[in-house]
Amino acid sequence: MYILGMESSCDETSAAVIEMGEGVRRIKSDIVASQIDIHRLYGGVVPEIASRAHIEAISKITHEALDTAGITLADVGAVAVTTHPGLIGALLVGVNFAKSLAFANNIPLISVNHIHGHIAAAYLTDTTLEPPFLSLVVSGGHTSFYLVNDYTDIAEIGGTRDDAAGEAFDKIGRVIGMPYPGGAALDKLAYEGDKSKYRLPSPALIGDNLDFSFSGLKTAALNIINSANQKGEEIDRASISASYTHTIVRGIVKKTSLALDKNADVKTFVLAGGVAANSHIRAALDELCKSRGIKFIVPDRSLCGDNGAMIAAAGYYEYLRGQRSDTSLNARATDY
Ligand code: KG4
Ligand code: ZN
């Protein structure tokens, strides 16, 4: 069957068509209208501007997704839409559009958790992947471990107590003069620096837990940069990027190792979310999994950031479980 997936939780408006069925997981189209150039002017996402940009883009990209897939609404078996978590005004655009489309055309409407969508991107990358597995979602708003017991049975077993990894990358990127969002730029710059030049506190919380805290690390890096600025010294941007990235990678590897220890029956590990595009994190977790005989899966970079195909994939499994939403469907900012 064909599923139309719609995503508008932050600064990308996306619509996608995927084909799912017995032994079939295929992306037919995945159209993403990014607002990054608009928000770059402000150094971060401006919620009100995001909502307006979603309104302008959503109808056009939905048509584009259907046309590229070579189908019409009559062929769509379900409309899946991100309902939470995210920016409320931004989410409402996608939810109301999907609702109208579904009810006007008599198509089942499915509500999707954005984080479950990030995890579901892995089903489109490895078409043989099946639960159970362990997953780490690293994005602009989340850094959490999940036990994926079944396609729609997903339990959070640890996560950040404050900032997310993506936020932490973007903040330091901004203060060293990188264009928003700084994550991808820091990824590249880190190769040119000395990773042991600056000592920074680990984001892995001490103790037998699967939790992170990125705020101390972020503040420590900011202090180094600010004090250099105050003294009129030039900060070594490449080395602060390398040290910062190295500290994040080590923290993530440490907690992933512990998560695998605690769930010894799990044989597959899935890395997902926008920050999963980071080459240092991908390489380190690949190595960790190899050394432990665990299968490592990370979505193609195009499926790591927010996109409609991942929402459609999560929506398909919700559909199979029997989830059907009605006209009372609403968006919410929170995870729960
Ligand atoms: O999942 P996502 O597209 O949106 C949210 O759900 O939050 O993640 C966006 C985040 C941004 O913070 C961005 O800087 C980060 O992903 N990101 C990266 C890289 N590419 C994107 N962070 C580190 N390295 C990258 N290569
Ligand atoms: Zn996301």
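Residues: numbered from 1 along the sequence shown. Just so it is clear, the values below take in all heavy atoms, side chains as well, and ignore hydrogens, waters and symmetry mates. In each ligand, atom 1 is the first atom listed, and ligand 1 is the first ligand listed.
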For [atom], what's the nearest protein heavy atom and its distance?
atom                    : result
atom 24 (N) of ligand 1 : N278 ND2, 3.0 Å
atom 26 (N) of ligand 1 : D187 OD2, 3.0 Å
atom 15 (C) of ligand 1 : V275 CG2, 3.8 Å
atom 6 (O) of ligand 1  : H114 NE2, 3.1 Å
atom 11 (C) of ligand 1 : D170 OD2, 3.5 Å

If hydrogens are left out, which of G140, G273, A184 has an atom nearest to atom 7 (O) of ligand 1, that is, the closest non-hydrogen atom?
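The residue whose heavy atom sits nearest atom 7 (O) of ligand 1 is G140.
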
Selection from G183, G274, G305 by shortest heavy-atom distance to atom 21 (C) of ligand 1:
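Shortest heavy-atom distance from atom 21 (C) of ligand 1: G274.
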
Verify the ring-centre separation between Y123 and Y317: is it less than 6.0 angstrom?
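Distance test on ring centres: under 6.0 Å, yes.
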
Please list, in number order, the atoms of ligand 1 under 4.0 Å from a heavy atom of [X].
X    : value
G166 : 12 (O)
P181 : 14 (O)
G141 : 7 (O)
A277 : 20 (N), 26 (N)

Should the ring pair Y244 and F169 be called parallel, tilted or perpendicular, given that the plane angle runs from 0 to 90° and is split at 30 and 60?
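Ring orientation of Y244 relative to F169: perpendicular.
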
Do NZ/NE/NH1/NH2 and the carboxylate oxygens of R292 and D261 come within less than 4.0 Å?
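Yes, R292 and D261 are salt-bridged.
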
Lys/Arg-Asp/Glu bridge criterion (N-O < 4.0 Å) met for K295, D126
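A salt bridge is present here (some side-chain N lies under 4.0 Å from a carboxylate O).
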
Looking at D236, is its backbone amide N or carbonyl O close enough to the side chain of K197 to form a donor-acceptor pair, meaning the two atoms are under 3.5 Å apart?
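No, because the side chain of K197 does not come within donor-acceptor range (under 3.5 Å) of the backbone of D236.
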
N/O of E12 under 3.5 Å from N/O of ligand 1, yes or no?
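No; the residue has no nitrogen or oxygen that sits under 3.5 Å from a nitrogen or oxygen of the ligand.
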
Quick check: does E167 get an N/O under 3.5 Å from an N/O on ligand 1?
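By distance alone, the answer is no.
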
Given atoms NE2 of H118 and OD1 of D306, what angle do they subtend at the Zn ion (ligand 2), to the nearest 10 degrees?
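Taking the Zn ion (ligand 2) as the apex, I get 100° for this pair.
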
Please indicate whether I206 has more than 12 foreign heavy atoms, meaning atoms of other residues, nucleotides or ligands, lying under 6.0 Å from its CD1.
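Atom CD1 in I206 is not packed in, count stays at 12 or less.
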
Give a yes or no on whether R25 atom CZ has more than 12 heavy-atom contacts from other residues, nucleotides or ligands under 6.0 Å away.
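Yes, because the 6.0 Å sphere around CZ of R25 holds more than 12 heavy atoms from other groups.
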
Tell me, do L260 and L288 make a side-chain contact under 4.5 Å, heavy atoms counted?
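Side-chain contact under 4.5 Å: yes.
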
H118 near ligand 1, heavy-atom distance under 4.0 Å?
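H118: in contact with ligand 1 (<4.0 Å).
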
contact_flag C10 ligand 1 heavy-atom lt 4.0 Å
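False for this residue.
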
Would S9 and E7 count as having a side-chain donor-acceptor pair, cut-off 3.5 Å?
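Short answer, yes.
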
Between D326 and S328, is any side-chain donor less than 3.5 angstrom from a side-chain acceptor?
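Present: a donor and an acceptor within the cut-off.
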
Answer yes or no for R26 and Y2: cation-pi contact, defined as NZ/CZ to six-membered ring centre under 6.0 Å and angle to ring axis within 45°.
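Judged by the rule (NZ or CZ under 6.0 Å from the ring centre, within 45° of its axis), R26 is not positioned above Y2.
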
Mode of D306 contact toward ligand 1 - side chain, backbone, both, neither (heavy atoms, under 4.0 Å):
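It is both parts that get close, each with some atom under 4.0 Å.
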
Is the Zn ion (ligand 2) less than 2.8 Å from at least one N/O/S atom of H142?
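So H142 does not bind the Zn ion (ligand 2) by this criterion.
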
